[in-house]
Amino acid sequence: ITVTSINTFTVSTGNWSDINNWSLARIPLATDDVVIPDSNTVYVDIFTAEANNVKVTGVLSVNAGEAITIYGDLSQNGTFTINSDATTNGSLILKGNHSSVGSVDYVRYVSASHEMSKGWHLISSPVRYKSISDFYPSLATVGDKLGIEHYVNSNVAGTKWEKYAVTDTPGYFVGGKGYAVKKENSGTLTFNGIVNTYDVDITVYATGDQFNAIGNPYTSYLNSGAFLDNVTPERLTENTIWLWDEAGNGGGGEYITKNN
């Protein structure tokens, strides 16, 4: 029998790791149901935060480099933000369902360069129902083209990355699909929407050079080795993924390989 306790955040503003901020005088356990009341703000300041079910009517903010695992459901009528900075990202693993009046905000930091060939990043949306055009105002531009591209495998070599035009209305980011983006100035991109908690399938094509741009559709890190181990062997010509390092090649970016 699993005994579930309710552990409520009792101060107006404070850190998850401080036992004095909780009704049970300890930080939440994996079996605790956590309540963050209206007008209260809690900062996840450790990498090992965990809970069973979490109800947020106040504010829950995951610091850059820290993480929380929710083994049950997330019920959110307040604000939930996952932050990043120039060196690291926050993480949320949600094993249950996400029910929400608002949205989870995943804040992704990206650097920029005034040289058009530099400052490009590969991104993927970790939430559902995020409109691509929401990012238009902060992107670099070249004529009527924007600093956001999608990969078209069927195009000839050298033209596979296609820029969106200012007048394009491409709709929502596709879960599991990779995009290239270049901001006008260094700063953040906020993905706000419903957290992906299910398997995300993305079609890959064996045409042309057989490369496909895919991305992480979740608000947590993915283990590249586990990902490759779970791909049906005949789907790939080799057990390798190529990751984009935007700082490589003197800031022009380069791909690095992972096969485990």
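Residues Leu146 and Lys182 have side chains not in contact (no heavy-atom distance under 4.5 Å, counting atoms from C-beta outward). Within the 4.5 Å cutoff, no side-chain heavy atoms of Thr79 are placed close to those of Gln76. Ile241 is listed as a side-chain neighbour of Leu228, based on a closest heavy-atom distance under 4.5 Å.
For the residue pair His98 / Ser75, no side-chain donor-acceptor distance below 3.5 Å is found, with atom types taken as modelled. Counting only N and O atoms by type, the side chains of Ser17 and Asn15 include no donor and acceptor under 3.5 Å apart. A donor and an acceptor atom, one from each side chain of Asp33 and Asn52, are located under 3.5 Å apart. Counting only N and O atoms by type, the side chains of Asn77 and Ser100 include no donor and acceptor under 3.5 Å apart. A side-chain donor-acceptor contact under 3.5 Å links Asn192 and Lys130. In this structure, a donor-acceptor pair under 3.5 Å is present between the side chains of Thr240 and Glu238. Residues Thr10 and Thr8 bring no donor and acceptor atom of their side chains to less than 3.5 Å of each other.
Each of Asp45, Asn83, Thr81, Thr41 was compared with Ser61 under the side-chain hydrogen bond (donor to acceptor under 3.5 Å, both in side chains) criterion, and only Asn83 meets it. Checked options Tyr179, Tyr164, Phe173; the residue passing with His150 is Tyr164 (criterion: ring pair (Phe, Tyr, Trp, His ring centres under 6.0 Å)). Here the rule is ring pair (Phe, Tyr, Trp, His ring centres under 6.0 Å) with Trp244, and of Tyr255, Tyr151, Trp120 only Tyr255 fits it.
Interatomic distance, Asp168 CG to Ile132 CD1, rounded to the nearest 0.5 Å: 9.5 Å. How far OG of Ser99 is from NZ of Lys55: 10.0 Å, rounded to the nearest 0.5 Å.
Residues Asp73 and Lys95 are not paired through a salt bridge, judged by the lack of any N-O separation under 4.0 Å between the basic side chain and the carboxylate.
Residues Arg108 and Asn89 come closest through the heavy atom pair CD-OD1, 4.3 Å.
Between Tyr43 and Trp16, the gap from one ring centroid to the other reaches at least 6.0 Å. Checked against a 6.0 Å centroid threshold, the rings of Phe135 and Phe191 count as neighbours.
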